[in-house]
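The basis for the numbers below is simple: all heavy atoms, side chains too, and nothing from hydrogens, waters or symmetry mates. Chain naming here is simple, since letters A, B, ... match the order of the sequence lines and numbering starts at 1 in each. From a predicted model like this one, the values you see are computed outputs, not experimental measurements.
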Protein chains: 2
Amino acid sequence: MNLRELSRQLNLSQTTVSRALNGYPEVSEQTRKRVTEAARRYNYSPNARARTLATGRTMSIGHIIPMSKQNELVNMVFTDFIAGAGLVYAQQGYDMTLRIVADDGKLAAYRSFAERGAVDGVIVQSPTRDDPRIDYLAALDIPFLVHGRASEITKPYPWLDVNSKRAIETATRHLIELGHRRIGLVNGHEVMDFASRRREGYCAALTAAGLVVDEALTRSGDMSEPNGYEAARDLLAQQDAPTAFVASSIVMALGVKRAVEDRGLRIGRDVSVVCFDDDISFLPNAGETPLFTAMRSSVRAAGQRCATLLIERIKAPQAPPPTELWEAELIRGTSSGPGPFA
Amino acid sequence: MNLRELSRQLNLSQTTVSRALNGYPEVSEQTRKRVTEAARRYNYSPNARARTLATGRTMSIGHIIPMSKQNELVNMVFTDFIAGAGLVYAQQGYDMTLRIVADDGKLAAYRSFAERGAVDGVIVQSPTRDDPRIDYLAALDIPFLVHGRASEITKPYPWLDVNSKRAIETATRHLIELGHRRIGLVNGHEVMDFASRRREGYCAALTAAGLVVDEALTRSGDMSEPNGYEAARDLLAQQDAPTAFVASSIVMALGVKRAVEDRGLRIGRDVSVVCFDDDISFLPNAGETPLFTAMRSSVRAAGQRCATLLIERIKAPQAPPPTELWEAELIRGTSSGPGPFA
DNA sequence: AAAGTTTTTCAAAGCGCTTTGAAACGAAGG
DNA sequence: CCTTCGTTTCAAAGCGCTTTGAAAAACTTT
């Protein structure tokens, strides 16, 4: 059953039926009732494809998920972000259009979304410091919103980010205040904007405390458990090993924990760990006293907010680009304790 | 730039330009060349919305992700499955349309996908024993593919499943052969088809070995770490506690492990654990000797295969519904060892 | 009762593509 | 040279909705 058939059944024009169903005011309550009843009776629902063409809106938001090389894959942060965003989309009648793509196909994927008019807007996740997607999307003139920032891009663009620098600065200062002097940094790849900011925060805290930054105590790489393990194992094997670690995620912190325990040391007593905690629903660092002392900011909440902001932007594309900087919260867990200089 | 403008520039009809770009044979190589070059020059790409209406195909596959109550949410199995499927979609030019929906809105969501023609096909994940979605989709006459099965549905429908029963039967027998007699089952909710089959496998192995099934040794619930922990903690607190556990997932097994260690016992020596391992990329149970002895079957591979089968089905809807039963593989890890009767 | 308003309904024109059925063209055959 | 046939191109008709601009109907006002 399509609109034409339905309108014939009712002896009304397509116009009237369409308006009745879409809640326009210029149709009497009586006919609206007739129409909605008939629509239900004949089980009519408007064809999404046709509506999309007629309105110029697809009611869907594009997400591109990069799938690097072999295994780094769809990580949990992406997943939780999407879960948050998806919730908002559902509420607002949008769908999420997901495309999984090799790292080098990202740009082309965004382009295809934009040029073919396949989505009404796109989300950009995990920007690098000088992320080409941003200029690209601005030029393509499609609404977008960046989760994170690209430090090296100066033109205004819409973003929502967590204050990574301050978060890690706070984390590092916390360890210093506990009496730690040799503090390792187990970071993500520093082409990622957030990771580079985290290093800045780490350095800033050390410097502020009059400590020197020892490059030998820092590592960056895939934000996986094995990688956190290896980094910590190496650092712990050095002479003059660190007594504390700042880890860039819970997952890496779990690797650090394993490395510490492998050496027969105890987390929170012999070695302290503070990490960034995206509050991933699946890896809860929760309870009365959570395992990890952490800087927490919910990535799911960020997803929700990004979705909301993007939808607003779709509705009012001319408004100045929104920007939002969130602060992470220090959560005291059992993984941090007094250091040798306490 | 749209098709009409492009064809005017070229002094050709829309027909010819369209055919040239879509690789139809009835256009001379010479004009095809002219057309593709002009298309590139003017940066033309066909409007997806219009094409979708004209062809009747959206080139996208619907996935509905249920988000129960508050927190059980988008779990890792869903995520990995989607990662696998998404890979195939990308290769074949499909997008994934994702909708996150409350548990009680699932049926309506599938319906809206189907009736409005928003997607070309849908994937059904985690069916219950008598899942209403299957009849519903069959009636709606939209291509679909079930990952898993619904035991109580007899009509043929397309599915791909892992042989859960045999997998858990093998796991349980493995423990019995190691000399365990009191074996706990830490299962998912048994309305889920796969969970009910896993229980069947567990019971079958016990019975085959002449042992009686003690309901007091089985638990079922959310497949989360905390839930695995609680189940194991309770079971271990009983007098005549189990010396081994069969867990329905790695995540639950991690909870079991924690409970065992909390009692000061050691996994693989004092208490054995075998689990089902979906080979989730993010929770690798890997290495030379993996932590858990497990029945492994990659959910990501299943996602790929499901996507492939669904696309085939979209292309040939009249073919008999495909069905595929995969066997899981026993992986020896360090979590299982001789029991008291060895 | 005529004229003016407001409310309700309609016919038709898109939206930008694909695809059908016919026409124009060129080459081949008689 | 005319006919026939295969190749290449085209005009026009959808696809199923929304939306514009106009007409019809129902009320008001004079």
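In the set C/dT18, C/dT8, D/dG16, C/dT8 carries the atom at the smallest distance from any side-chain atom of A/Glu26. Which of C/dG21, C/dC17, D/dC17 sits closest to the side chain of B/Arg19 comes down to C/dG21. Listed nucleotides C/dG16, C/dT20, D/dC17 differ in distance to B/Thr15; the shortest reach to its side chain belongs to C/dT20. Ranking D/dC17, D/dT8, D/dA11 by closeness to the B/Ser28 side chain, first place goes to D/dT8. Here the nucleotide nearest the side chain of B/Leu3, chosen from D/dC17, C/dT18, C/dC10, is C/dT18. In this structure, of D/dC15, D/dT18, D/dC10, it is D/dT18 that holds the atom nearest to the side chain of A/Ser18.
A side-chain N or O of B/Thr97 and one of B/Ser60 form a donor-acceptor pair less than 3.5 Å apart.
By the neighbour-count criterion of 12 heavy atoms within 6.0 Å, atom CZ of A/Arg32 is densely surrounded, having more than that number from other residues, nucleotides or ligands. No more than 12 heavy-atom neighbours from other residues, nucleotides or ligands sit within 6.0 angstrom of CG on A/Asp141.
Heavy atoms of A/Thr52 sit nowhere under 4.0 angstrom from any nucleic acid atom. Across all strands shown, A/Arg49 has no heavy atoms under 4.0 Å from either base or sugar-phosphate atoms. Here A/Thr55 lies in heavy-atom contact (under 4.0 Å) with sugar-phosphate atoms only.
Of the two residues near DNA chain D, A/Gln14 and B/Glu29, the one whose nearest nucleotide lies more 5' is B/Glu29. If A/Arg57 and A/Ala50 are placed on DNA chain D by their nearest nucleotide, the residue sitting closer to the 5' end is A/Ala50.
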